[in-house]
Amino acid sequence: MDVFVFDGDDTLWMNEWQYSEAYANFLSYMYKVFENKAPALHLIWERYFLIESELYKEWGVKRGRVAEAMVRMYQDLCKRVKFEYGEDAHSIEHEEQIRKIGDQPFDYERLKWSSGAKEVLGKLKNDGHTLCFLSSYDKKVFSKKAEFLGLHEFFDEKHVRITEFKKTKEDFIAVSGWCEKCSASSSAWYAVGNGESDVRPALEISERWRGIYIPHGSTSQYFRGKRGMDYWTSISIEHPRAVTIRTIGELLTVV
């Protein structure tokens with residue numbers, strides 16, 4: 001029997017769209033607030049992600065990072081308006097609305113399982129394979145999200161692990177129970193995810209580990225992949241023990 005370590009967001013269900021929706025709503029709100037005093041879109045976009053990248057070092061993927069970055073971007077724009085136009089544009093009401101927009105990526109009740117995901121997990125579990133879940137997510141919010149999605153229908157609690165930063169090979173070892181001696185009991189160990197950081201750390205553990213890469217484009221500055229010939233998709237992962245598929249429904253054709 002095999003061991004599979006699955007990613008969650010943008011692998012078993014789509015979540016990136018909630019981040020992009022929040023960014024779009026935030027930018028739209030900035031132009032509503034500042035109107036003709038607002039700078040060009042690409043300037044706000046670039047400045048925003050510089051702020052968020054600095055916050056990531058402390059916050060990781062915890063809830064509140066996006067909202068805080070948006071508020072700081074808004075405060076920067078207020079300073080610009082004060083300097084260039086001599087006007088005080090700051091408003092507590094604006095900040096409150098911005099924090100609501102920044103919290104949209106954690107509205108887990110809007111998530112839906114990817115087509116074919118439950119069927120794949122059910123088939124693997126019924127066949128006796130070990131299913132593990134490893135996700136970068138806010139630990140305080142995760143239990144409610146897991147309950148809403150019915151995650152424990154497929155994953156036992158001992159095989160669920162959450163990290164608030166990038167995944168490491170130690171995370172994969174811990175969630176899967178990997179050890180050199182016990183590895184012989186399974187024919188293969190798989191890491192399944194939509195970003196290279198969901199796969200590559202596992203491939204560093206042993207020759208026994210393999211990767212299944214299901215690329216999904218992201219606005220994240222940390223998990224963004226290179227673009228392929230098709231603008232809308234990321235390029236395949238380049239590793240002799242990894243394969244790239246288009247949808248999770250294709251997983252059973254490569255294992």
Side-chain angles (χ1 to χ4, degrees), residues 5-26 48-74 95-114 117 121 131-176 191-202 214 216-225:
V5 180
F6 283 90
D7 174 51
D9 291 338
D10 300 313
T11 298
L12 297 178
W13 47 79
M14 294 296 109
N15 171 241
E16 199 289 327
W17 67 272
Q18 290 185 295
Y19 281 88
S20 289
E21 180 187 48
Y23 296 143
N25 290 341
F26 169 68
Y48 170 80
F49 280 108
L50 285 174
I51 295 171
E52 191 177 307
S53 66
E54 287 301 311
L55 289 179
Y56 180 83
K57 298 173 184 177
E58 175 186 354
W59 289 67
V61 296
K62 289 195 289 290
R63 183 179 189 177
R65 185 194 79 235
V66 173
E68 180 64 22
M70 289 179 176
V71 167
R72 293 190 188 186
M73 180 71 253
Y74 164 72
E95 288 198 4
E96 291 175 349
Q97 180 60 29
I98 290 167
R99 290 194 184 277
K100 290 179 181 179
I101 294 172
D103 200 45
Q104 288 176 357
F106 288 87
D107 186 3
Y108 55 81
E109 293 186 350
R110 298 175 68 197
L111 298 177
K112 299 178 182 179
W113 285 81
S114 296
L121 294 177
L131 304 187
C132 308
F133 181 85
L134 175 60
S135 177
S136 296
Y137 197 73
D138 188 301
K139 293 181 179 179
K140 293 182 179 179
V141 184
F142 176 73
S143 60
K144 295 180 180 179
K145 177 180 178 179
E147 182 179 359
F148 172 77
L149 290 167
L151 196 68
H152 295 294
E153 175 184 350
F154 305 103
F155 301 96
D156 296 332
E157 188 172 349
K158 68 177 181 178
H159 289 305
V160 172
R161 183 177 176 87
I162 304 302
T163 176
E164 294 179 332
F165 291 88
K166 276 192 175 183
K167 299 172 185 177
T168 66
K169 64 180 183 180
E170 288 74 22
D171 289 320
F172 283 92
I173 291 170
V175 75
S176 67
V192 186
N194 70 283
E196 290 204 22
S197 59
D198 298 323
V199 175
R200 286 196 181 275
I214 317 171
H216 184 72
S218 174
T219 47
S220 170
Q221 303 299 292
Y222 308 97
F223 306 103
R224 179 183 293 176

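Bear in mind that the values here come from a model prediction, so they are computed numbers and not experimental data.
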Please tabulate, for the side chains in residues 96-108, all donor-acceptor contacts under 3.5 angstrom to protein atoms that are two or more places apart in sequence or on a different chain.
| from | atom 1 | to | atom 2 | distance (Å) |
| --- | --- | --- | --- | --- |
| Arg99 | NH1 | Glu68 | OE1 | 3.2 |
| Arg99 | NH2 | Glu68 | OE1 | 3.1 |
| Asp103 | OD1 | Arg63 | NE | 2.7 |
| Asp103 | OD2 | Arg63 | NE | 3.4 |
| Asp103 | OD2 | Arg63 | NH2 | 2.6 |
| Gln104 | OE1 | Asn25 | ND2 | 3.1 |

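Considering every non-hydrogen atom in both Ile162 and Tyr137, the closest pair reads CG2-O, 3.2 Å. Phe172 approaches Ala191 most closely through the heavy-atom pair CE2-CB, 3.7 Å. Residue Met14 comes nearest to Trp17 through the heavy atom pair O-NE1, 3.0 Å, listed as atom of the first residue, atom of the second, then distance. Of all the heavy atoms in Val175 and Cys132, the pair that sits closest is O-SG, 3.7 Å.
With values rounded to the nearest 0.5 angstrom, Leu131 atom CG is found 6.0 Å from Phe6 atom CZ.
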Kindly determine whether Lys167 and Ser136 satisfy side-chain contact (heavy atoms from CB on, under 4.5 Å), including the steps that lead there.
CA-CA 7 Å; Lys167 299 172 185 177; Ser136 296; 3.8 Å; yes
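Counting only heavy atoms from C-beta outward, the side chains of Val5 and Phe133 never approach each other to under 4.5 Å. Side chains of Leu55 and Arg72 form a contact here, defined as non-hydrogen atoms less than 4.5 Å apart.
Remark: Tyr48 engages Glu52 in a side-chain hydrogen bond (donor to acceptor under 3.5 Å, both in side chains) (not counting sequence neighbours). For Tyr74, the ring pair (Phe, Tyr, Trp, His ring centres under 6.0 Å) partners are Phe34, His90, His94, not counting sequence neighbours. Every residue meeting the side-chain contact (heavy atoms from CB on, under 4.5 Å) condition with Trp113, not counting sequence neighbours, appears here in chain and number order: Leu12, Trp13, Ala117, Lys118, Leu121, Leu149, Leu151, Phe154. Asp171 meets the salt bridge (Lys or Arg N to Asp or Glu O under 4.0 Å) test with Arg161; sequence neighbours excluded. Residues forming a side-chain hydrogen bond (donor to acceptor under 3.5 Å, both in side chains) with Thr163 (at least two apart in sequence, or on another chain): none. Applying the salt bridge (Lys or Arg N to Asp or Glu O under 4.0 Å) rule to Lys62 yields the partners Glu164; only residues at least two apart in sequence or on another chain are considered. In terms of the side-chain hydrogen bond (donor to acceptor under 3.5 Å, both in side chains) criterion, residue partners of Glu21 (sequence neighbours excluded) are, by chain and number, Arg110. Contacts of Ser143 classified as side-chain hydrogen bond (donor to acceptor under 3.5 Å, both in side chains), with partners at least two apart in sequence or in another chain: none.
Sorted by first and then second residue, the pairs that involve residues 140-149 and meet salt bridge (Lys or Arg N to Asp or Glu O under 4.0 Å), not counting sequence neighbours, are Asp9-Lys145.
Looking at Asp10, its side chain does come within 3.5 Å of a backbone N or O of Asn15 through a donor-acceptor pair.
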